[in-house]
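Report on one structure; see the data block that follows.
Chain A is the first sequence line, chain B the second, and so forth, proteins listed ahead of strands; every chain is numbered from 1. Please read these numbers as outputs of a predicted model, since none were measured by experiment.
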Amino acid sequence: MILAFLNLTWPTFANGLALGGVYALMAVGIGLVFGVLRLVNFAYGQLIMGGAFALAYGSQWGFANWASILFCFGVVLGLSVLMDWLVFRPLRTHSPAVMLVATFAVAFLLQSIALLAFGPLGKSAGQLAILNAPWDIGGVFIKKIAVIAFATAVGCLAILQLLLTRTPLGLHMRAAAMDFRTARLLGVRANWVISGAVIVSGLFAAVSAVMLSVTELTVTPSFGTQDTILVLAGVVLGGLNRPIPATLGGFAIGFASGILGGVLPSNQSQYLPSFLFAAVIVVLLVRPNGLFARGGGAVERV
Amino acid sequence: MSLVRRVPEFLAPALLILATALLGLAVSNYLQAYFLDTLIKVAIVVALYVFIGNSGVLSFGHMSFVAVGAWTAGVLTTPEEQKRLIMPGLAHFLVTTNVGNAASLALAALVGGFFALVVGLPLMRLSGLAAGIATFGVLEITNNVLTYEQRIGPGLNTFSSVPATTGIWQAAIGGLICVAVAYGYQRTRFSRMLRAGREDPAAAAAAGISIYRQRLLAFALSGGLAGFAGGLYVHLQPLGASGLSLDLTFITLAMLVVGGSGSLLGAVVGALALNGLFSFFSAATNTVDVFGWSLTVPSGTAELSLGALMAIVLILRPNGLTGGRELSLPRRRAAADLSEKARVTT
């Protein structure tokens, strides 16, 4: 396995960065909602699946590229707002476990709707496939999508950082993530903050859907599920409570997954999920509060 | 609580299982398959309950114990000449070793329990989301290894030649064994200590309870039951690694939560209700008669209605259909019922 790293090439490295970037976006999307709602949204992958199907239909109906992407954004945002209204809102006051299982139910529901409507074989989202063509950068051929995905991820995260630090909504969101009750007592409007988090999280899901559907051309009802599980692991690995550690955790697992997938010989790369999750478990045993969390995590005294 | 009033606590889930089995005997062979499947689900959900219900910690890893149990029972009962055909890469000593039906189930329980114990040793130190993700990791790793490792099983294929010994009686007895073990456990002081830790970790620790040790015990026990259920399952139908993965994890967890994760009755009711509904719509894909109506639904309706029902029950009754309570005869004053209130925290 160590020797395998000698196979590391620039294109593999770039793919790792790109996957890391997309996973970082997903991690932020999950982390933002967790911050304000204390809800681990397992159905996040199904949002991405919905967006990817929108893209697939966009290319089937001959939409222009921008129209397909817009359609994808519309579908994902609609789904996430609907999810918030129908499921998260009634369950807001319940225990995290009930909410988590409720998101399973939503994930299962959306997946079966997709299965019923689009069939198990999936559809091809071929429209943006030209982005898989390489760019010649100083003699190294790097897929266009890798560059675009990484740049988009960095851009999105920068905008989010500005939103969080420079706008009233961002301030309110950070306050709510720290302590929701106190924030409300101080006049932060709960619904506003939650809707803000849900919408930003939905936007990031849409961006991820566009990026992921370029590399994984066939969109099936289980599209994005495996990615979401990895991202969840990454988010917990980084530390769920604050956005930057969560982002780093998501990036780390995406990067590791991209690199290992590229350099391992095929008889070992089939065990890639095992390697990743074994690493996650080991890290969690050593640092249960997350790799990048500060301090030991206060234990409540009574 | 007096002994008499306690009787329904065990009897209610047991009778539900028996009733399901008897109903399964009354219907056609074709429909009986659904009842068998439901009884296996009951066994799996009861296994989940032993850990999740008592400890209040969610585990996503139990399907790996079911899978390990299924692998154990499957490999040890497939006829030798079939093994050479279906599992060409199987380790030699596994090819030549064969045991009977009952022994294979016992071994499945043993291997499942041992695996859970080994996994639990480090993992039970974790709590909260870290524990959830770590058990998820166990599921992913187990599933990944079982899918590709051909020395211990069929790899990407399924166990297609395991003797189908799980009939309605074996399934019912298996379910009853699970319920009996779960009930027996929850009457012990170990379970009470674990529940104390669930309600208030600090107070329990102050009373000298090692939550880690109690969790580990419950985890190993429930892993053993899960392995046993896996053994029953592989004797029912050809199983592969892909069938024992995420989907089944979610469905069984949802059954537990929908039924009410705080009680044994909840586990059984949840499994019966959700799997009953699922089976009904699956059967209706090929037309069923409902009191003279002939009903046909498009395929996929089963999944859809299951998801919708799960969401609706969680919204309307977040503590589950049973509210996490056992069935007991009414007390003179029904005041102190709050003590058994279900509360699962991640």
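- Here the OG1-CZ distance, from Thr142(B) to Phe277(A), works out to 11.5 Å after rounding to the nearest 0.5 Å.
- How far CD of Gln270(A) is from CD of Glu149(B): 9.0 Å, rounded to the nearest 0.5 Å.
- Residue Arg89(A) qualifies as enclosed at atom CZ: its count of foreign heavy atoms under 6.0 Å is above 12.
- Across Pro288(A) and Ala130(B), no two heavy atoms sit closer than the pair O-CB, 3.7 Å.
- Counting non-hydrogen atoms of neighbouring residues, nucleotides and ligands closer than 6.0 angstrom, the OH atom of Tyr34(B) exceeds 12 such neighbours.
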Which atom pairs, one a donor and one an acceptor, fall under 3.5 Å between side chains of residues 96-110 of chain A and the rest of the protein, sequence neighbours left out?
{"from": "Thr103(A)", "atom 1": "OG1", "to": "Val40(A)", "atom 2": "O", "distance (Å)": "3.4"}
{"from": "Thr103(A)", "atom 1": "OG1", "to": "Phe42(A)", "atom 2": "N", "distance (Å)": "3.2"}
{"from": "Thr103(A)", "atom 1": "OG1", "to": "Leu100(A)", "atom 2": "O", "distance (Å)": "2.6"}

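- No more than 12 heavy atoms of other residues, nucleotides or ligands lie within 6.0 Å of CD1 in Ile244(A), so this atom counts as exposed by the packing criterion.
- Neither the backbone nor the side chain of Val258(B) comes within less than 4.5 Å of any heavy atom in chain A.
- With a threshold of 4.5 angstrom between heavy atoms, Leu86(A) approaches chain B through N, CA, C or O but not through any side-chain atom.
- Closest approach of Ile133(B) to Leu284(A), counting heavy atoms only: CG2-CD1, 4.0 Å.
- In this structure, chain B has no heavy atom under 4.5 Å from any part of Phe88(A).
- A heavy-atom distance below 4.5 Å is found between the side chains of Ile141(B) and Ile281(A).
- Residue contact with chain A, scored on non-hydrogen atoms closer than 4.5 Å, involves the side chain of Leu246(B) exclusively.
- In this structure, the portion of Leu126(B) lying under 4.5 Å from any heavy atom of chain A is its side chain and not its backbone.
- When heavy atoms are compared at a cutoff of 4.5 Å, Val145(B) approaches chain A by way of both its backbone and its side chain.
- For Leu232(A), the parts lying near chain B are the backbone and the side chain together; criterion is any non-hydrogen pair under 4.5 Å.
- Sorted by first then second residue, the side-chain hydrogen bond (donor to acceptor under 3.5 Å, both in side chains) pairs that include residues 45-54 of chain A, not counting sequence neighbours, are Gln46(A)-Gln111(A), Gln46(A)-Thr225(A).
- Looking at Ile251(B), only its side chain comes within 4.5 Å of chain A, counting heavy atoms on both sides.
- Interatomic distance, CG of Leu115(A) versus CD of Glu303(B), reported as 6.0 Å (0.5 Å rounding).
- Highest contact tally toward chain A, considering only Asn144(B), Ile312(B), Leu316(B), Leu314(B), is held by Asn144(B) [criterion: heavy-atom pairs under 4.5 Å].
- Counting heavy-atom pairs closer than 4.5 Å to chain B, the top residue among Leu237(A), Val235(A), Ile229(A), Leu276(A) is Ile229(A).
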